J.: 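Dropping the structure in here first, questions after.
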Amino acid sequence: MLSAREWETELVTEAHTSASIRLVLRAYRPQDIDDRADEIDAVVAGAETSWITPAVIARWKRRGLGVLGLHPPADAPARRLLEDGDADAVLADDSGASEIVRTLLTLERRAAMTPLEPLGTVVAVTGPRGAPGRTEVSFGLAWLWSKRRSTVHIDLDLAAPAMAIRAGLPPRPHLGDAAEALRHGGRLDPHTVHRLGSLRLVVTAAPSDALRLPLGIGDEVIGAAADSFDIVVLDVPSEDRATLKAADATFVVAEASSIGIVRAASLLADWKGATPHVVLNRVVGAEAAATKAALRQWTGSDAVACVPYRRSIRSAAIAGRSPDRALLRPLRHLEARP
C-alpha cells in the first residue's frame, strides 16, 4: 500500500532483504487492487490512507484477500476503523518490519485457501457532451436487466445529476449517504438505496452538494454494489475516464444528428480501454439508414441499438414514469450482454 509513513519504506527494505514476501504493487486507489487481485494474497492497509474504509476492507476479504491493517500508535479511531472492517490482523505501525512480514506470511497461507467470490458485472453508460440521452438509455438498460437479475443503477454525474428527478424519486438518501453507511457497516445499506419495481437506484445529490463529496466516493459505492448485485449500471460522464476504463462493459450513447455523431467520434477517437458498444438515440425513421452509415464512417463502429425519436419517450421522462416501450423495444436484445 502507498503510505507517507515510515512503515512502508521499512517494509519494502525488509521484503527485499529477506525475500520472504514479494511486493506486487503500491496502490493509489482501490481499483488498482481489484484489477490485480488474482496476483495478490494479502494487502497491507494503512489507516492513514484516506480511502481505507471498513467497506473497502470488507470487499477485499470477500475477494479472498488477507488484510493486515496498520495504524499510528495510540490512534484509537484509526484502530477502530480497521477493526470495523474486520481486518484479519491489526498492528500499530511502529511494530517493526519483521513483525509485519511474519504476520503477512500467516495471512498469505489463509488467503491461498480462500476462493475468490464472483463479483457483479459493472456496466458504464456514457456519452459526449450535449445531452445525447445517456441517463434515459442507462435507465432503460437497467430496467430491462432488473427483470431477470438483481440490478442497481448508480448516478455518478456529480456536476449534473438527473436520475432522482427522472425517476420521480426524492433527493435523499443519495450517494453520500450510501458512502457514509459503507464506512460504518462495510456493505451497501439497503436504506440508502431507492426501490423502483425490481430495480434499485443510488441517486446523486444536487450539484451544490454533490461537488463537495469526497474524492473516490464512487469507487467505494461501485465496489460495494458489485458485491451485492448481479449487474451494476453506471450513468457516467465522459470525463470520468478512470471509471469508464475499469468497467466490465461500456455503452456510448450518440445522438442521431450530424453534431451528435461528430461529438461521439471525438469521444471515441481518444478512447482508452475495451471497445465500447454504441447506441444511437433519437433516430428518425426515414433517416435511419443514412444515420447508421454516417456513424460507421465517422467512428468505425456499428450501432448495437437504435432508439427512435418518440414524444412518448420524452413524456415518460418528464413525468417521472418507467421507461417508455419505444425506448425499451430496441434495447431488449441487449438483455443478455452483461
Side-chain angles (χ1 to χ4, degrees), residues 1-72 78-79 81-83 85-122 182 186 215-216 218-227 241-248 272-274:
M1 296 296 297
L2 183 68
S3 174
R5 292 183 63 82
E6 293 181 1
W7 67 260
E8 188 198 35
T9 302
E10 295 171 357
L11 178 59
V12 171
T13 302
E14 178 70 17
H16 289 164
T17 302
S18 67
S20 300
I21 59 173
R22 181 170 68 94
L23 300 181
V24 177
L25 83 154
R26 303 167 73 191
Y28 291 83
R29 55 198 298 262
Q31 187 63 48
D32 297 340
I33 295 175
D34 288 341
D35 290 343
R36 298 181 63 179
D38 58 340
E39 304 174 49
I40 300 169
D41 292 306
V43 178
V44 185
E48 74 284 350
T49 304
S50 61
W51 47 264
I52 297 298
T53 67
V56 170
I57 295 171
R59 175 174 170 77
W60 291 334
K61 290 195 62 179
R62 288 195 292 275
R63 297 209 64 172
L65 306 180
V67 180
L68 167 59
L70 299 180
H71 63 86
R79 186 184 70 251
L81 179 149
L82 299 168
E83 292 171 346
D86 198 24
D88 294 290
V90 177
L91 298 174
D93 63 18
D94 63 351
S95 299
S98 297
E99 184 175 355
I100 293 174
V101 168
R102 285 196 298 272
T103 305
L104 278 173
L105 291 173
T106 302
L107 301 186
E108 182 179 25
R109 287 192 292 273
R110 285 183 52 189
M113 297 184 291
T114 307
L116 295 179
E117 294 184 3
L119 300 177
T121 301
V122 177
L182 275 174
L215 185 67
D219 290 339
E220 296 181 39
V221 177
I222 293 168
D227 285 336
R241 297 301 178 89
T243 298
L244 294 173
K245 186 176 180 180
D248 298 307
K272 300 293 190 300

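What's counted below: heavy atoms across the whole structure, side chains too, no hydrogens, waters or symmetry copies. Predicted model only: the values in this text are computed from it and were never measured.
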J.: Under the 3.5 angstrom rule, does the side chain of Ser95 hit a backbone N or O of Leu91 as a donor-acceptor pair?
T.: no
J.: How far does CG of Leu104 sit from CD of Glu99, to the nearest 0.5 angstrom?
T.: 11.0 Å
J.: Between atom CD of Glu83 and atom CG of Leu81, what is the distance when rounded to the nearest 0.5 Å?
T.: 10.0 Å
J.: Report yes if some heavy atom in the side chain of His71 is under 4.5 Å from a heavy atom in the side chain of Glu48; otherwise report no.
T.: no
J.: For Ala45 and Ile52, which heavy atoms make the closest approach, and how far apart are they?
T.: CB-CD1, 4.0 Å
J.: For Ala42 and Leu107, work out which heavy atoms get closest and say how close.
T.: CB-CB, 4.2 Å
J.: Just verifying a value: how many Å separate Ile222 CD1 and Asp227 CG, rounded to the nearest 0.5 Å?
T.: 12.5 Å
J.: Looking at Ala87 and Gly69, what are the two nearest heavy atoms and their distance?
T.: CB-N, 4.3 Å
J.: Answer yes or no: is there a side-chain heavy-atom contact under 4.5 Å between Arg36 and Val24?
T.: yes
J.: So which heavy atom on Ile21 is nearest to which on Ala15, and how close?
T.: CG1-CB, 3.8 Å
J.: Backbone N or O of Trp7 within a donor-acceptor pair of the Asp93 side chain at under 3.5 Å?
T.: no
J.: Checking Lys61 side chain against Asp86 main chain: does a donor-acceptor pair fall under 3.5 Å?
T.: yes
J.: If every non-hydrogen atom of Arg22 is compared with every non-hydrogen atom of Glu39, which pair is closest and at what distance?
T.: NH2-O, 4.2 Å
J.: Would you please test Asp41 and Leu65 for side-chain contact (heavy atoms from CB on, under 4.5 Å) and show each step?
T.: CA-CA 5 Å; Asp41 292 306; Leu65 306 180; over 6 Å; no
J.: For Glu6, does the CD atom sit with more than 12 other heavy atoms under 6.0 Å from it, leaving out its own atoms?
T.: no
J.: Which atom pair, heavy atoms only, marks the closest approach of Val67 to Asp88?
T.: N-OD2, 2.8 Å
J.: Measure the CZ-CG distance between Arg5 and Leu70 for me, rounded to the nearest 0.5 Å.
T.: 9.5 Å
J.: Is the shortest side-chain heavy-atom distance between Val90 and Leu68 below 4.5 Å?
T.: no
J.: For the CZ atom of Arg102 and the CG atom of Leu105, what is their distance to the nearest 0.5 Å?
T.: 9.5 Å
